[in-house]
Amino acid sequence: MPDLPDWLPGPIALAPMAGGPSAPELVSAVSGAGALGFLAAGNTTPDALARKPAAVCMRAPRTSG
């Protein structure tokens, strides 16, 4: 995870945005940049929601720990 600038008071989070902006691609990119991404689910069917976490994991960069 990248180091945060000294002037930043805390972690950065992508707020869940219904209607498409909070797609797995964006959540993965945000997570890869060291922030916390959230998937929107308010207007998602249960079947579509069940597929979203796997889509994020497929795109997220792997880290070693």
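All figures in this text were calculated on a predicted structure; none of them were measured in a lab.
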Do you know the tightest heavy-atom contact between F38 and V27?
-> O-CG2, 3.5 Å

Between A41 and L49, the two heavy atoms sitting closest are CB-CD1, 3.7 Å

If every non-hydrogen atom of S28 is compared with every non-hydrogen atom of A55, which pair is closest and at what distance?
-> OG-O, 4.4 Å

